[in-house]
Enquirer: 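Let me give you the structure first, and then I'll get to my questions.
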There are 2 protein chains.
Amino acid sequence: MSQSLDTTFAALADPTRRAILSMLLEDDMAVTDVAEPFEMSLAAVSKHLVILTKAGLISQEKRGRVKWCKIEPNAMKEASVWMQSFGQFEELDMDAFERFLEAELAG
Amino acid sequence: MSQSLDTTFAALADPTRRAILSMLLEDDMAVTDVAEPFEMSLAAVSKHLVILTKAGLISQEKRGRVKWCKIEPNAMKEASVWMQSFGQFEELDMDAFERFLEAELAG
DNA sequence: TTGTTCGTCAACCAAATGGTTGAATATGCA
DNA sequence: TGCATATTCAACCATTTGGTTGACGAACAA
């Protein structure tokens with residue numbers, strides 16, 4: 001679980017990757033089209049997409065010679081839940097809260 | 001803003017730093033006490049605390065020779081809101097969450 | 001004063017990160 | 001077939017990251 005938080009937060013720490021996620025929120029896109037607005041090589045964007053895929057934040061499916069990228073919003077859930085446990089619930093018993101979270105994430 | 005998301009997510013990407021935040025959720029702590037459970041030097045933990053401070057996730061206040069570390073839960077809000085904007089994932093089970101809250105606040 | 005504790009600083013190191021370029025692979029099309 | 005397009009691979013590079021150690025200054029205690 002904490003390994004997945006590692007990769008999720010690390011993936012989200014880069015502004016290019018967050019921009020990619022925002023783009024994919026609107027629609028699925030091919031790798032070339034994802035890369036178009038960025039001032040870096042296609043290979044660099046391709047690497048970012050690999051990182052997002054390994055973090056589970058997007059999925060990629062090849063149809064013909066085009067690889068389509070699709071956002072996977074559920075992957076953000078664990079990290080989002082983890083973060084919310086700070087801002088709002090800091091006065092609570094953390095052991096109980098973590099048991100609650102585990103039950104939530106399992107379900 | 002996106003710079004602050006950079007530093008926030010980068011700070012959260014390290015398991016040692018997340019563990020520190022969890023510890024500080026329970027109580028304010030001196031640097032030496034924060035470092036105690038970790039199998040690394042005090043200097044290394046001190047660096048992690050600098051990163052958390054720069055991200056605004058904690059604050060540090062020196063009283064005498066002891067520097068106290070305090071969590072700043074609001075700092076996570078921007079990042080949390082950003083993640084929520086992807087809000088296509090299922091909400092937490094709010095009924096279960098409210099039961100949890102009641103039990104916590106009663107106990 | 002002398003010594004001890006608290007914490008940071010400086011220099012260093014290995015590994016990871018984010019980028020480049022050019023070649024390679026795979027698919028589609030005339 | 002032959003060529004263009006879509007994407008990744010491989011090698012390389014500079015910078016950042018996360019750790020180490022030893023020296024240091026500041027605050028307490030004897």
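In the text below, chain A, chain B and the rest are named by the order of the sequence lines, each starting its count at 1.
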Enquirer: List the atom of Asp14(A), the atom of Thr16(A), and the distance in Å for their closest heavy-atom pair.
Expert: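 Looking at all heavy atoms of both residues, the shortest contact is OD1-N, 2.8 Å.
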Enquirer: Say you draw a straight line from CG of Leu57(A) to CG of Asn74(A); how long is it, rounded to the nearest 0.5 Å?
Expert: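 CG of Asn74(A) is found 11.0 Å from CG of Leu57(A).
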Enquirer: Under 4.5 Å between any side-chain heavy atoms of Met29(A) and Ile20(A), yes or no?
Expert: no
Enquirer: Working to the nearest 0.5 angstrom, can you tell me the gap between Asp28(B) CG and Glu61(B) CD?
Expert: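 These two atoms lie 9.0 Å from each other.
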Enquirer: Any donor-acceptor pair under 3.5 Å linking the side chain of Thr8(B) with the backbone of Ser4(B)?
Expert: yes
Enquirer: Is it possible for you to say whether Trp68(B) and Leu25(B) belong to one hydrophobic cluster, with membership spreading through side-chain heavy-atom contacts below 4.5 Å?
Expert: no
Enquirer: Could you pull out the closest heavy-atom pair between Ala10(A) and Ala13(B), with the gap in Å?
Expert: N-CB, 3.5 Å
Enquirer: Among residues 57-69 of chain B, which ones have heavy-atom contacts with DNA chain D below 4.0 Å?
Expert: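 Listed by number, they are Gly64(B), Arg65(B).
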Enquirer: For residues Asp33(A) and Met23(A), report the shortest heavy-atom separation together with the two atoms involved.
Expert: O-CE, 4.1 Å
Enquirer: May I ask you to list the residues sharing a hydrophobic cluster with Val81(B), side-chain cutoff 4.5 Å, ordered by chain and number?
Expert: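 Once heavy-atom contacts under 4.5 Å are chained together, Val81(B) still belongs with nothing else.
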Enquirer: Anything under 3.5 Å between a donor and an acceptor, one on a side chain of residues 39-55 of chain A, the other on a protein residue two or more places apart or in another chain? List them.
Expert:
| residue | atom | partner | partner atom | Å |
| --- | --- | --- | --- | --- |
| Ser41(A) | OG | Ala44(A) | N | 3.1 |
| His48(A) | ND1 | Arg17(A) | NH1 | 3.1 |
| Thr53(A) | OG1 | Leu49(A) | O | 2.7 |
| Thr53(A) | OG1 | Gln60(A) | OE1 | 3.2 |

Enquirer: Enumerate the residues from residues 41-50 of chain A whose closest heavy atom to DNA chain D is under 4.0 Å, giving them by residue number; use none for an empty result.
Expert: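 Those residues are Leu42(A), Ala43(A), Ser46(A), Lys47(A).
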Enquirer: Could you tell me from which nucleotide to which nucleotide of DNA chain C, 5' to 3', there is an atom under 4.0 Å from chain A heavy atoms?
Expert: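 The protein-touched segment is dG18(C) to dG28(C).
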Enquirer: Could you tell me the separation between the CZ atom of Phe38(B) and the P atom of dG19(D), rounded to a whole number of Å?
Expert: 10 Å
Enquirer: What's the CD1-C1' distance between Ile20(A) and dT7(D), to the nearest Å?
Expert: 14 Å
Enquirer: Between Asp6(B) and Pro15(A), what is the shortest heavy-atom contact and its length?
Expert: OD1-CD, 3.4 Å
Enquirer: When the C1' atoms of the five terminal pairs at each end define the local axes, what inter-axis angle does the helix from dG7(C)-dC24(D) to dA30(C)-dT1(D) show, to 10 degrees?
Expert: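 The helix from dG7(C)-dC24(D) to dA30(C)-dT1(D) shows an end-to-end axis angle of 30°.
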Enquirer: Roughly how far, to the nearest 0.5 Å, is the CD1 atom of Ile58(A) from the SG atom of Cys69(A)?
Expert: 4.5 Å
Enquirer: Any heavy-atom pair between the side chains of Phe9(B) and Met83(B) that's under 4.5 Å?
Expert: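 Sidechains of Phe9(B) and Met83(B): in contact.
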